[in-house]
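Comments concern the structure below.
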Number of protein chains: 2
Amino acid sequence: MLQATLNGDSVTGVAGWTDPEEPVLASATALAAELADPIRLTALQLLAAEGPHTMSRLVAALEVSAPRLGNHLARLRAAGLVEVEHAGRHAIYRIARPGLADVLAALSRYAGDALPTARPGREVTADDIAHTCYDHAAGRLGVALLGHLVERGALTAPDGRDEELALGPDPAALAALGIDPAALDTGRRKPATACLDRIHRLPHLGGALGARVLDRLVEQGLLAREEGTRVLVVTAAGRRDLPRMVPTFSV
Amino acid sequence: MLQATLNGDSVTGVAGWTDPEEPVLASATALAAELADPIRLTALQLLAAEGPHTMSRLVAALEVSAPRLGNHLARLRAAGLVEVEHAGRHAIYRIARPGLADVLAALSRYAGDALPTARPGREVTADDIAHTCYDHAAGRLGVALLGHLVERGALTAPDGRDEELALGPDPAALAALGIDPAALDTGRRKPATACLDRIHRLPHLGGALGARVLDRLVEQGLLAREEGTRVLVVTAAGRRDLPRMVPTFSV
DNA sequence: GTCACCCTTCACGAGATCGTGAAGGGTGAC
DNA sequence: GTCACCCTTCACGATCTCGTGAAGGGTGAC
């Protein structure tokens, strides 16, 4: 029988701290093991940020063979991280539990912060800070923007269950950007979506709302589109005002 | 050359989503791989919650052989997750970057929530909800209590850099519990420490402050110590008032 | 019915990971 | 100096993981 001490109390017959049978520990290491593969992690990040995907859409996005992805998805299903719904001959995968988005976000944030800043060929570029993704802003700015709007209650956080983001209880943060969500002309587009940032591996704001926000920032002279590229240049005014408007964004 | 599309923009010659060379992706999967082992994860959780430990203290706590732990710590050092400081013949390990605590907390929270609730021999017990750890409260209540005090700005979050927790800018949440931190008689004890909860794998409040809080809750009739065991019984009054006092705590 | 297509599973070989046991370096006590 | 002690490293065998290729089941188009 084991004998150990825990903060002065003796705990007899209790399994050790590292007993792989400990339920929370086993569950945590199993989860970490699922995240420790580029394909599985990217698939989960895509599903968590952008909502359900069919198998074939994932195959195209990840550029891997179907059996290879299928094996990984089978693992993720067995681990209870994703769920499948079959529609005809298509298989629609989605995140099983919304809470996973928090884990993925924490992981990506740490991974981004922990990067040795000036790697060969990987120094911080203007592109890294802000660039367009279709017609909305991506990069550090796009990620910070979505985080800001979610934190202020203007939008609900992406949790991978749905394709679109719902408006939150308090539109003040959107109003502060000069946007009235009720007056948004969405056309046939989804009003607000999350879109996985390719560099930072965190969701940024897309959809009609994302496009409108970018237009406003350009109108206000805070950002400038660079002709022929996808780079968004932060103007002098933007360098002054953006960190005030979006507190988690710097430079 | 690769050809892919990203939200309508064609991106030519860009490495795929799952390219293991992508810096943030590589960093994230490497981190997850380090967390995917019971010994490494527990060591990191201990260091993040309770601050620096010597190698021998970790060996005793984890109940593993020295070479086995040494191999794991060498990995963690190579991955940049922990740092060593040599003091005489002792090696003092600590978390390298405070942000890791957030990742570990997110992982443990998801792992705890994702548990199939009624496992054989692992149903939710009174012990699970609240029990003593030395002279302070652990279990779900102890964890929620520390989280609440940190969120309200009464304490700083444990980040593994220090052995004790500093007081935060706003003591109101402590005052609401009937405690004046300035009047705390610490004796030779540390005023406030974090202590890793064995079941939930999240830090709870220890030290003189933790003991004082538990005393107050018992005085107020919200908790009752069970004679001869470490169980803390939530009284009828506690069931009514505790969720109001500590919003993240239920039942 | 026939076919193309989407998805899943299986088995095998290459590769990586992990724990043990043994050995070695450096420190402090005596 | 001698010794006990703390920590680290190394090498090897057992074990697990992963990707490929092939095969098979089910669906919808024609």
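Numbered from 1 within each chain, the chains take letters A, B, ... in sequence-line order.
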Could you give me the stems involving DNA chain D, meaning stretches of three or more consecutive Watson-Crick or G-U wobble pairs whose two defining distances are both below 3.5 Å? C:1-30 with D:1-30
Residues two or more places apart in sequence or in another chain: which of them pass side-chain hydrogen bond (donor to acceptor under 3.5 Å, both in side chains) with Ser65(A)? none
Can you sort out the partners of Ser108(B) under side-chain hydrogen bond (donor to acceptor under 3.5 Å, both in side chains), two or more places apart, ordered by chain and number? Gln45(B)
The criterion is side-chain hydrogen bond (donor to acceptor under 3.5 Å, both in side chains); which residues satisfy it with Arg109(B), sequence neighbours excluded? none
What range of DNA chain D does chain A touch, first nucleotide to last, counting atoms under 4.0 Å from its heavy atoms? dT17(D) to dG28(D)
Interface residues of residues 37-46 of chain A with DNA chain C (non-hydrogen, below 4.0 angstrom): none
In chain order, what residues pass the side-chain hydrogen bond (donor to acceptor under 3.5 Å, both in side chains) check against Thr248(B), with sequence neighbours excluded? none
Round to a whole Å and report the spacing from CG of Leu69(B) to P of dG19(C). 11 Å
Qualifying salt bridge (charged side-chain N to carboxylate O under 4.0 Å, His left out) pairs with a residue from residues 202-213 of chain A, counting only residues at least two apart or across chains: Arg212(A)-Glu219(A)
Are the side chains of Pro203(A) and Cys195(A) in contact, using a 4.5 Å heavy-atom criterion? no
Using heavy atoms and a sub-4.0 Å distance, could you list which residues of residues 83-91 of chain B are near DNA chain D? By number, please. His86(B), Arg89(B), His90(B), Ala91(B)
Interatomic distance, Arg189(A) atom CZ to Leu209(A) atom CG [nearest 0.5 angstrom]: 10.0 Å
Non-hydrogen side-chain atoms of Arg68(A) and Ile39(A) separated by less than 4.5 Å: yes
For DNA chain D, whose closest nucleotide is more 5', that of Ala33(A) or that of Arg57(B)? Arg57(B)
On DNA chain D, nearest-nucleotide positions of Leu73(B) versus Ala36(A): which is more 5'? Leu73(B)
Are Val150(A) and Leu165(A) packed together at the side-chain level, in the sense that at least one heavy-atom pair is separated by less than 4.5 angstrom? no
Let me have the donor-acceptor pairs involving side chains of residues 69-79 of chain B, under 3.5 Å, with sequence neighbours excluded, atom names and distances please.
residue: Asn71(B); atom: ND2; partner: Pro67(B); partner atom: O; Å: 3.4
residue: His72(B); atom: ND1; partner: Arg40(B); partner atom: NH1; Å: 3.1
residue: Arg75(B); atom: NE; partner: Glu34(B); partner atom: OE1; Å: 3.4
residue: Arg75(B); atom: NE; partner: Glu34(B); partner atom: OE2; Å: 3.4
residue: Arg75(B); atom: NH2; partner: Glu34(B); partner atom: OE2; Å: 2.9

Are Glu50(A) and Arg57(A) packed together at the side-chain level, in the sense that at least one heavy-atom pair is separated by less than 4.5 angstrom? yes
Non-neighbouring partners of Ala36(B) that pass side-chain contact (heavy atoms from CB on, under 4.5 Å), sequence neighbours left out: Ala32(A), Ala33(A)
Side-chain donor-acceptor contacts of residues 88-102 of chain B below 3.5 Å, not counting sequence neighbours, with atom names and distances?
residue: Arg94(B); atom: NH1; partner: Arg161(B); partner atom: O; Å: 3.2
residue: Arg94(B); atom: NH2; partner: Glu85(B); partner atom: OE1; Å: 3.2
residue: Arg97(B); atom: NH2; partner: Asp113(A); partner atom: O; Å: 3.1

